[in-house]
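Worksheet: the structure to be examined is printed underneath.
Proteins come first, then strands; the chains are lettered A, B, ... in the order of their sequence lines, and each starts at number 1.
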Amino acid sequence: MQHIRAHVLICAGTGCTASGAKRVEAALQEELAKKGLDKEIKIVETGCHGFCEAGPLVIVYPEGTFYVRVQEEDVPELVESHLYKGRIVERLLYKEPVTHESVPNYNDLSFYKKQQRMVLANCGHINPEVIGDYIASGGYEALAKALTGMSPTEVVAEVKKSGLRGRGGGGFPTGMKWGFTQNAVGDKKYVVCNADEGDPGAFMDRSVLEGDPHRVIEGMAICGYAIGADEGYLYVRAEYPLAIKRLRIAIDQAEEMGLLGENIFGSGFNFRLKIKEGAGAFVCGEETALLASIEGKRGMPRPRPPFPAISGLWGKPTNINNVETFANIPQIINKGSAWYASIGTEKSKGTKVFALTGRINHTGLAEVPMGISMREIIFDIGGGIIGGKKFKAVQIGGPSGGCLPEQLLDLPVDYDSLIQVGAMMGSGGLVVMDETTCMVDLAKFFLAFTQAESCGKCTPCREGTKRMLEILNRITEGNGKEGDIELLEEMSRNIKNTALCGLGQTAPNPVLSTLRYFRNEYEAHITEKRCPAGACSALTGYSITELCKGCGLCKKSCPVEAISGEIKGRHNINSEACIKCGACIAKCPFKAIIKG
Amino acid sequence: MSQVTLSIDGNKVSVPSNITVLEAATKLAIHIPTLCYLSDLSPEGSCRVCVVEIKGARSLVTACTYPVSEGLEVSTNTPAVLEARRTVVEMLLANHPQECPTCQRSQTCELQSLAHELGIRNVRFTGEKRKYQLDDSNPFIIRDNSKCVLCGRCVRVCKEVQVCNVLEWTERGFTSKVTPTFDSTMKDSSCVFCGTCVSACPVGALTEKSLFGVGKPDKKVKTTCPFCGVGCNFDLNVKNGKVIGVTSNLEGPVNGRLLCVKGRFGTDYVHSPERLTVPLIKKNGNFVESTWDEALDIIAKKFSTIKNTYGSDALAAVSSARCVNEDNYLMQKFMRAVIGTNNIDHCARTCHSPTVAGLATSFGSGAMTNSINEIPDCKVMFIIGANPSEAHPVIGAKMRQALRKGAKLIVADPRKTEMAQKADIWLRLKPGTDVMLINGLMHIIIRNEWSNQKFIANCTTGFDKVKAVVEKYPPDLVEKITGVPAEQLYKAAKLYATSERSSIFYTLGITEHTCGTDNVMSLANLTMLTGHIGKPSTGVNPLRGQNNVQGSCDMGALPNVYPGYQQVSQPESKKKFEKAWNTILSDKPGLTLPDMFDAANRGDLKAMYIMGEDPVLSDADAHHIRSGLLNLDFLVVQNLFLTETAKLADIILPASSFAEKDGTFTNTERRIQRVRQAIAPIGKSRPDWQIIADLATRMGYSMHYDHPCQIMDEIAKLTPAYTGVNYDRIDATGLQWPVPEAGHPGTPYLHSGGNFTCGLGYFMAVEYEPPAEVPDEEFPFLLTTGRILYHYNVSTHKYSKRLSEHAPEERMMLNPEDAIKLDIKENDLVRISSRRGSVTAKAWLTDAVAPGIVWMSFHFSATPTNEVTNGAYDKVTKTYEYKVCAVQVKKA
């Protein structure tokens with residue numbers, strides 16, 4: 001057997017692939033061959049590490065050296081220096097944003113230090129297209145344990161005891177849901193995995209599917225055994241071609257090895273999986289719309305009850321969970337519910353993967369134990385706000401969630417405390433805002449999203465969100481009226497109370513939570529015709545202060561010739577002509593131009 | 001069903017556990033406003049108007065979807081509920097054109113009524129509104145999407161009731177809309193204009209074009225449709241003494257809100273300017289207006305003279321399947337009691353006489369065995385020689401409902417009809433090979449032991465002979481003659497024989513053959529072989545073609561039977577009617593329709609009295625019919641219009657339409673239903689029964705009735721199956737015969753438990769015989785005929801403006817392969833000629849017909865197809881072989 005002295009892990013997740021990982025891999029292969037190192041050094045394509053901000057990522061083992069933003073032209077140096085001479089390439093290491101120190105080792109990155117990667121344990125460390133890698137890391141042991149040593153009822157009980165709650169947003173106890181479907185009467189039952197991840201800024205499910213697809217398959221098979229289903233569907237959004245490809249490979253390999261199909265582990269249990277690609281509708285993340293879509297119908301929700309557990313896919317009892325929920329199952333079966341329940345808070349157990357985006361230094365995926373504070377996530381893991389700006393708020397739970405202001409940064413993050421403060425866990429999207437974000441504009445952004453994604457079936461969601469959006473539009477355009485806030489509140493109340501599905505019922509949340517914490521911003525827009533964040537262009541004026549040295553750069557950059565002034569004299573902006581494009585601010589070397 | 005107790009607004013109520021909160025509230029007479037809800041559709045819960053508060057629930061729920069459960073506490077009028085409802089309706093109003101004064105739905109608009117009920121004063125939202133172009137593409141329905149409130153009722157009606165799936169939601173969010181397939185106009189979509197969506201629309205988004213610009217109706221009169229034999233009920237809308245249109249009446253026992261394009265939009269013929277309004281007498285070759293007295297006196301005198309000179313049998317009458325039972329009863333009474341002959345027949349001769357003869361022979365009762373509303377519960381439907389989607393559209397819809405519920409479908413038809421396309425197994429047999437096919441199926445069933453031995457032993461007789469005959473029909477022979485692959489025969493036989501509930505449906509593709517009666521008896525054999533009869537959704541179902549063809553047969557408008565199929569040749573029957581009618585009757589069976597025209601051509605028949613029919617257009621071999629009529633001494637035609645036949649008459653009597661008279665129709669499922677007068681007779685026209693009674697009286701036989709209900713009372717006394725029928729009892733939902741005694745609830749399906757009307761069912765061994773005329777070198781194409789959806793026999797093309805605007809002319813179906821050989825392109829004018837005559841029509845290239853076969857309808861007087869068809873007829877009942885004749889086709 002050939003001795004492999006080093007492994008080079010190249011992230012082949014969607015993020016790193018987009019920033020050139022495939023080209024890096026090809027160059028590396030070529031370079032290693034050229035140097036005659038290709039027999040002793042092995043290249044491994046992995047799934048996502050979650051640190052997408054810094055891709056393409058390359059990790060060299062056994063040292064665990066973590067290289068970031070590697071491009072193909074860096075490859076010769078990487079090979080020559082690190083792999084041939086054993087010298088770390090300093091310039092490709094990650095530099096901490098605050099301390100500006102280079103961090104050579106994976107485990108020492110501040111991004112990873114406070115994480116507890118359980119669901120994402122394999123992501124970035126195994127080849128997702130090789131079932132052997134998963135098995136070598138303990139994969140399918142949980143399925144074997146369940147099938148050969150536990151009754152379906154015991155499996156359901158174990159999941160109940162673990163305290164696992166649905167990771168798709170609702171936070172419904174998973175074991176209880178399984179129990180409903182297990183007890184439902186039906187000659188045929190289904191397991192459905194909701195992989196229609198659609199929240200803006202959320203991509204944890206994609207990473208799991210791309211980086212560790214077997215974990216989800218195993219979770220679904222255990223669920224099938226527990227509830228008495230012999231067939232499952234993975235509903236994956238079509239925008240995730242790589243996830244779909246890897247799932248197909250994974251299903252084929254599992255079938256080939258008898259881990260899916262007939263009589264698995266000789267237990268008499270049969271289970272098969274099919275993939276259904278979504279067609280781009282956000283609302284198909286809602287479980288009844290998702291089921292309609294699998295059935296080939298227009299993806300529109302229907303009222304519950306009956307719940308899918310009683311009457312789901314083609315009228316049969318159906319258990320639907322999200323990707324991350326299923327991915328939690330194998331470890332619960334393997335290590336036991338008591339171990340799992342020891343992680344997290346009293347009512348929220350285990351870990352949660354968050355997608356960090358917005359005005360934050362470390363954009364990426366972070367898996368943390370429940371109960372960690374938002375401050376730790378944003379500042380310790382996320383590396384704080386870009387450009388040293390001031391934190392203003394974080395939107396949690398996507399368009400269905402709400403925002404948390406600075407005073408709530410120390411709140412422990414779990415399902416119930418988030419609900420209390422008007423936000424929600426949702427699927428775990430975190431959008432971080434700094435002082436330049438207008439909160440009315442933020443509410444408008446999310447409402448415009450849900451409005452566009454409304455299926456159009458029920459009146460409050462179809463008509464009501466449109467009217468709310470129109471009101472927000474006029475507020476940000478300076479045409480807000482006395483009473484608009486109260487009207488928004490009344491409409492929010494009624495839409496929440498009457499909409500048919502979760503999409504409509506939660507659509508007003510961004511408005512309600514920004515009103516709760518930033519009501520003064522709304523009032524400033526309406527009564528003073530002013531946008532405190534300076535973001536709403538209709539309400540923002542540009543002016544040049546006494547800091548102006550009269551260099552004339554602003555005048556040259558102005559596309560509409562709104563700036564006048566002599567060289568070395570203070571310049572002026574004609575506010576009538578100004579289109580508020582911001583070009584002058586960007587050019588001014590003396591920070592003499594302000595808006596507000 | 002188990003019961004649960006819940007409380008609504010503090011009132012406790014115990015209800016079945018499978019109903020919704022809305023249904024439970026209805027039981028307590030608690031009103032909950034709704035918009036997207038309709039009791040005959042699946043609840044959708046989309047409008048959110050019916051929200052209520054449930055104790056412990058996170059948000060409000062829709063009463064129309066929420067299931068009741070034990071201990072549920074519901075509040076229907078809390079401040080939160082009322083605010084929510086108001087907000088929802090305000091949102092709808094904000095996106096609705098404020099055009100109420102000009103809207104056709106004004107005052108009947110459900111959105112308007114909700115706004116009033118919820119006390120909405122003003123709409124606080126002033127944003128974007130949806131604005132779409134009006135779809136005015138067709139003669140029937142106006143679609144104004146700008147007024148749509150997206151309740152989805154039309155979509156569900158189209159999906160669940162009519163089952164055509166034409167309307168669907170498109171786009172998302174605020175731009176959501178309901179459109180026909182691919183966002184086309186209704187005309188360019190696959191819409192069949194049943195208009196059921198219009199009946200479901202709560203606002204002015206879908207409206208009847210006919211009701212635009214005519215004002216609100218003064219009254220609505222529930223009556224029975226005058227077109228096919230389904231017997232739909234609807235409301236005639238009347239304004240200022242005129243019928244302005246038709247709307248659904250949900251109480252219709254057969255159809256509910258369903259109607260077809262003809263019923264909903266085709267009754268404009270009532271006010272056609274071509275209606276006859278005064279009696280006309282032909283003088284010197286021209287028709288001259290006359291009085292009723294003058295016309296009837298002449299007829300009375302002339303009939304008397306002919307009777308006295310040539311004997312009673314020199315006169316004959318054609319009664320009508322279009323006319324009410326009371327008209328038919330009086331017509332046959334007139335011929336038998338006043339003229340003294342049994343020479344009475346009607347167009348059942350040209351359609352379902354083989355059914356009456358065949359099923360009466362096999363089962364003792366010649367009618368549809370089951371009910372129309374049993375169709376959706378069929379497990380297997382075997383449609384043979386029928387095109388219900390077009391000829392019986394509402395039955396077609398019921399069949400699609402069955403398919404939606406998972407029923408399997410076998411279709412035997414030479415043409416690729418809609419049902420053939422939907423079939424699990426389509427047996428594309430060659431026209432005229434039905435006996436071969438059915439015997440072949442029975443052969444396979446017997447060989448594979450799928451037959452029902454117990455049923456055969458207990459309920460039937462004569463099986464051995466049939467077994468011996470079908471032994472000679474092995475699959476390879478059947479495949480050779482019918483053209484249907486043996487494998488398909490096997491599959492069809494298995495599916496039909498082994499299902500829990502199989503029903504056969506057929507129409508004139510079975511009967512209009514020289515072997516029509518044989519075909520019918522073959523089907524009867526098949527049902528008895530498998531025991532698929534005498535249960536709900538299980539039987540053999542001839543779909544009768546005309547509104548009252550069942551009734552006119554029941555009334556004895558046939559040459560061999562009195563009302564109730566009592567034989568004229570049987571002394572007891574004769575005695576019974578002689579006593580009732582106080583006269584001497586003839587025991588000699590009269591002439592059938594073809595016999596009459598033969599006798600007229602020979603000069604044996606001197607006078608005819610033709611009511612409500614147009615044999616020149618509708619009977620086969622028109623040339624022969626016309627020459628016979630011209631050879632008569634005296635011809636009286638009683639009709640609404642100056643038909644081709646009327647043009648040959650000596651006297652024409654103007655009759656009143658169904659909208660102008662009271663009476664009853666008996667539909668194909670034997671349901672006797674009321675026809676109600678909605679308007680006064682047009683001009684000086686009179687209901688047929690009055691004309692006949694007047695004429696009889698003038699001939700010295702006093703016939704006097706104040707109202708048709710008195711005629712029905714007389715019918716009930718003399719007709720065993722109608723004994724328990726009177727106008728009071730049939731007022732609401734009709735009754736299905738047999739109604740053998742007063743108070744009897746009627747009979748939804750016949751031969752219950754295999755107890756046939758005649759005792760044991762008779763297996764009749766039948767051998768295959770080829771059609772009378774088959775294609776040859778000179779006439780190489782096989783012509784087969786039928787109906788299209790948009791027309792009804794020979795009347796609507798001319799007198800319903802809307803229907804003829806939509807379907808103005810004959811189009812002959814021709815297979816594209818043949819078209820290439822003949823160098824014929826779509827819409828080319830072609831000449832179709834047979835040994836008897838020749839017509840022209842436009843070509844319609846379609847693979848609905850196989851190569852070598854052409855298909856035409858017989859609706860259009862500009863293309864009188866029956867000039868071409870064969871006058872050969874069924875050996876038992878003399879029903880013409882409309883379905884097969886040999887023709888040549890050439891570019892005209």
Side-chain angles (χ1 to χ4, degrees), chain A residues 170 280-284 288 297-307 310-311 315 448-471 473-474 481 483-484 486-487 490-507, chain B residues 20 35-36 42-53 57-69 80-96 123-130 149-152 155 159 168-178:
Chain A
F282 175 70
V283 73
C284 286
T288 59
K297 298 174 185 155
R298 179 178 159 93
M300 293 209 291
R302 60 155 179 80
R304 300 169 301 179
F307 287 90
I310 306 299
S311 175
F449 177 84
T450 38
Q451 209 278 316
E453 293 295 344
S454 161
C455 79
K457 183 173 177 176
C458 80
T459 313
C461 184
R462 181 185 67 240
E463 310 285 340
T465 56
K466 172 75 174 178
R467 300 305 165 212
M468 287 182 69
L469 186 61
E470 284 172 344
I471 295 170
N473 268 327
R474 73 172 179 242
K481 292 187 292 201
D484 273 353
E486 292 72 20
L487 189 54
E490 184 195 321
M491 294 190 74
S492 297
R493 180 169 68 238
N494 284 306
I495 292 169
K496 277 177 82 78
N497 220 356
T498 60
L500 194 159
C501 80
L503 189 152
Q505 285 165 6
T506 58
Chain B
T20 62
L35 182 62
C36 71
S42 66
E44 188 158 78
S46 66
C47 74
R48 319 305 285 178
V49 169
C50 71
V51 287
V52 294
E53 212 169 286
R58 220 167 27 160
S59 59
L60 302 179
V61 304
T62 40
C64 71
T65 61
Y66 205 83
V68 295
S69 58
V81 164
L82 296 178
E83 183 191 84
R85 284 184 194 153
R86 268 198 293 270
T87 309
V88 164
V89 173
E90 190 183 342
M91 286 170 184
L92 290 171
L93 288 169
N95 199 2
H96 194 76
V123 174
R124 291 169 293 172
F125 315 115
T126 52
E128 188 186 336
K129 279 188 183 187
R130 64 171 67 85
V149 290
L150 292 153
C151 66
V155 175
K159 195 174 291 189
E168 186 50 285
W169 294 74
T170 54
E171 309 212 2
R172 274 191 223 162
F174 190 74
T175 52
S176 297
K177 57 182 174 175
V178 170

Please flag which part of [X] lies under 4.5 Å from any non-hydrogen atom of chain A: side chain, backbone, both or neither.
X	answer
B/Ser46	both
B/Tyr66	side chain
B/Thr87	side chain

Positions in residues 452-459 of chain A that reach chain B, provided some heavy atom is under 4.5 Å away: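 Listed by number: A/Ala452, A/Glu453, A/Ser454, A/Cys455, A/Gly456, A/Lys457, A/Cys458, A/Thr459.
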Partner set under side chain to side chain contact (heavy atoms under 4.5 Å, CB included) for B/Thr170, not counting sequence neighbours: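 With sequence neighbours excluded, B/Thr170 shows a side chain to side chain contact (heavy atoms under 4.5 Å, CB included) to B/Lys177, B/Thr179, given in chain and number order.
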If you round to the nearest 0.5 Å, how far is [atom2] of [Y] from [atom1] of [X]?
X	Y	atom1	atom2	value
A/Arg467	B/Glu90	CZ	CD	10.5 Å
A/Asn494	B/Met91	CG	CE	6.5 Å
A/Thr465	B/Phe174	OG1	CZ	9.0 Å
B/Arg58	A/Gln505	CZ	CD	6.0 Å

Worked check of side chain to side chain contact (heavy atoms under 4.5 Å, CB included) between B/Arg124 and A/Glu490: CA-CA 12 Å; B/Arg124 291 169 293 172; A/Glu490 184 195 321; 2.9 Å; yes
Audit row: A/Glu463, B/Arg130, salt bridge (charged side-chain N to carboxylate O under 4.0 Å, His left out) steps and yes/no: CA-CA 11 Å; A/Glu463 310 285 340; B/Arg130 64 171 67 85; 2.9 Å; yes
Test side chain to side chain contact (heavy atoms under 4.5 Å, CB included) applied to B/Glu44 and A/Leu500, step by step: CA-CA 10 Å; B/Glu44 188 158 78; A/Leu500 194 159; over 6 Å; no
B/Lys129, NZ atom: more than 12 neighbouring heavy atoms under 6.0 Å: yes
Side-chain donor or acceptor of B/Arg48 paired with backbone N/O of A/Thr498 under 3.5 Å: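 Flag set: sc B/Arg48 to bb A/Thr498 pair under 3.5 Å.
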A/Glu470 (side chain) donor-acceptor with B/Glu128 (main chain) under 3.5 angstrom: yes
Side chain / backbone / both / neither for A/Ala499 at chain B, heavy atoms under 4.5 Å: backbone
Region of A/Arg302 in contact with chain B, defined by heavy-atom distances below 4.5 Å: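 Nothing of A/Arg302, per the 4.5 Å heavy-atom cut-off to chain B.
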Minimum-distance pair of heavy atoms, taken over all atoms of B/Val149 and A/Arg462: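 It is O-NH2, 3.4 Å.
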